[in-house]
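In the text below, chain A, chain B and the rest are named by the order of the sequence lines, each starting its count at 1.
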Amino acid sequence: MSSVSIDQTVLSYNRELCFAGAHCKLRTNSQELANVLELLSIQTSGSGSSRFDIRIVVNELSGASAQQPHFRGLHHVVTASFGSANVFVFDILRRTISATISGVVARNSQFWKEKLIPIALGVLGAAMGMVPMHCACLESENDGLLIAGVSGAGKSTLSVALAQGGFNYVSDDWTYMSQCDGRLVAYGTSAPVKLLPDAVNHFKVLQSRSLQTSMNGELAYEVDIVETFGAQAERGCEPRWLIFLERMPYHGGEFTSMSSTAARNYLYSSVERLPVQLSEAVEMRKRIIEKVSQLPSWRFRYGGTPQFATEQLREFVAHRRQEVYA
Amino acid sequence: MTAETSWHPDLLRRFVATPYVFCSGTGKKQRCIQSNDLGVALSIRRSCIAQRFNGGSDVLLWKLIRDSAAPEDDAQILTISDGVLRTLHLGTGTVLIYDRERAEVLGFISAAVKTQQLSSSLIPSLLGL
């Protein structure tokens, strides 16, 4: 039996980090891990109240790499094991992550960027007044555009096309909504864009990339949007519009106004159920969902290429702005 | 669909029904054992009655899920203590959590773990006995 007593281990390396607008106090015994996470940290302006603690003991004697994740949760505690040597314990009520990991995982920047940081924000988010929402987010001239839709609707493909068409990229799959100084703010992480295999038909640059098995078992291209497509990335923005994306079998595009009730129902359907022990988090989440559902919402049905949809959305945004300034 | 319902799947198995419930005492001193496995619930109840968990006698809630979907990999035991939380991991399939402040023991037990091993070895290790 091996035992790790985190509170009795000297954790000499401390860092104040920021992920998707959430402040994180890291304590670890590994300088290398502290440096890896510092490079992934994105400082944001504003005084967001989202914060959590993370304490990690790195076992340099272990060479175990991260295996397929195994998640379980009861009441206020969630555990994530990436093999038996890499274990994370999330205490949602106390907003704390305790972990013991191998030196190999500590140095694996990709693991933190693509897996652990998004997981941490997803698990602890609700308790920190941050709601992970299944939608993409693009920004143009300080106006944020949230694009929701069921899996396979083409959010990521459209996000890339929009980023190539002049929008700034915030996120393609999960967007973290919180309030900062009373304003609704949407943040992304530095997670890669996940594009399904048919995206190669729209973006030739993917021909030189290979498909990978993502965390949910899907085959996909996982690429850095800035490096691969030369896109401009934004850390966060204030969302102005909420678009529900739907594909249609024939060429064309149409926008239909949606009620806040329909928007609210969709948003609730995409968040996870929380246990009664987290009733305070449920209330906080309700307030943010209410605020998001009050954004002007449209259903955008389109058929055609993502480049065609980009043109449609550009015109849509221009019209909305004209209405505001008229 | 209403605001109260969701089609998000229960990936963490947080909402597995625990029909086997034993409670004793009343009010703040009430102790409850909940499980989806009668053998597990009875084993914990017997151990509590026999006061086998002396150091853990303050536990007010036991919620233990027999997890048939859990992987049965290596049998290495790892305990992690941090503040009021102590967790015990047997491979990746069995995880037990002791929250000292809330006086709760929660956990998932893989199919390979016998109730005897649970009550005589794993729980005493978790409670630090």
Side-chain angles (χ1 to χ4, degrees), chain A residues 1-9 53 55-57 59 67-91 93-94 96-100 123 134 216 261-262 264-275 277-278 282 286 289-290 293, chain B residues 1-16 18 34 61-65 67 69-99 101-102 104-110 121-122 124-126 128:
Chain A
M1 183 166 96
S2 55
S3 298
V4 178
S5 182
I6 294 178
D7 35 16
Q8 286 175 21
T9 306
D53 288 325
R55 295 187 279 270
I56 304 175
V57 171
N59 177 6
Q67 293 169 25
Q68 275 300 305
H70 176 71
F71 297 97
R72 285 294 179 262
L74 275 175
H75 293 198
H76 59 296
V77 184
V78 170
T79 62
S81 305
F82 296 82
S84 55
N86 299 299
V87 177
F88 294 81
V89 180
F90 302 81
D91 182 336
L93 280 179
R94 301 177 184 100
T96 302
I97 304 171
S98 312
T100 176
V123 172
H134 194 201
N216 65 359
T261 307
R264 187 183 302 114
N265 286 347
Y266 173 86
L267 295 170
Y268 271 111
S269 75
S270 73
V271 296
E272 68 168 339
R273 189 177 156 200
L274 290 174
Q277 289 76 16
L278 302 175
V282 171
K286 230 182 229 178
I289 288 181
E290 191 52 40
S293 67
Chain B
M1 168 166 287
T2 69
E4 300 305 315
T5 62
S6 166
W7 64 65
H8 206 285
D10 181 19
L11 298 174
L12 302 177
R13 305 207 73 207
R14 265 177 173 154
F15 301 102
V16 171
T18 50
Q34 301 174 10
L61 175 69
W62 300 81
K63 186 167 185 174
L64 297 167
I65 308 295
D67 190 358
E72 289 173 29
D73 43 17
D74 66 55
Q76 201 181 336
I77 294 179
L78 168 70
T79 62
I80 304 173
S81 311
D82 192 6
V84 295
L85 271 197
R86 183 175 164 92
T87 58
L88 180 145
H89 306 259
L90 176 63
T92 51
T94 296
V95 54
L96 300 171
I97 300 146
Y98 175 33
D99 187 323
E101 194 174 75
R102 293 172 61 90
E104 292 175 349
V105 170
L106 313 166
F108 291 89
I109 306 149
S110 80
S121 159
L122 300 183
S125 298
L126 173 74

Hey, could you give me the OG1/CG distance between A:Thr100 and B:Asp82, rounded to the nearest 0.5 Å?
11.0 Å
Straight-line distance of A:Ser84 OG to B:Ile77 CD1, nearest 0.5 Å:
11.5 Å
[X] versus [Y], closest heavy-atom pair with distance:
X       : Y       : value
A:Ser3  : B:Thr79 : OG-OG1, 2.9 Å
B:Arg14 : A:Leu74 : O-CD2, 4.0 Å
B:Ala70 : A:His70 : CA-CE1, 4.2 Å

Taking B:Asp10, B:Asp67, B:Leu90 one by one, which has the highest count of heavy-atom pairs under 4.5 Å against chain A?
B:Asp67
Taking every non-hydrogen pair under 4.5 Å, which of B:Ile80, B:Val16, B:Leu11, B:Thr87 racks up the most with chain A?
B:Ile80
Counting only heavy atoms closer than 4.5 Å, note whether [X] contacts chain A via side chain, backbone, both or neither.
X       : answer
B:Ile97 : side chain
B:Leu85 : side chain
B:Leu64 : neither
B:Thr92 : both
B:Val84 : side chain

Are more than 12 heavy atoms from other residues, nucleotides or ligands located less than 6.0 Å from atom CD of A:Glu290?
yes
State whether a side-chain donor-acceptor pair under 3.5 Å links A:Ser5 with B:Ser81.
no
Using only heavy-atom distances, determine whether the side chains of B:Asp99 and A:His76 contain a donor-acceptor pair under 3.5 Å.
yes
Relative to chain B, which segment of A:Ser2 carries a heavy atom at a distance below 4.5 Å: side chain, backbone, both, or neither?
both
Less than 4.5 Å to any heavy atom of chain B: does that hold for the side chain of A:Leu93, its backbone, both, or neither?
side chain
What I'd like to find out is whether the side chain of B:Glu104 reaches to under 4.5 Å of the side chain of A:Val77, using heavy atoms alone.
no
If you tally heavy-atom pairs under 4.5 Å between each of A:Arg94, A:Met1, A:Arg72, A:Arg55 and chain B, the highest tally belongs to A:Arg72
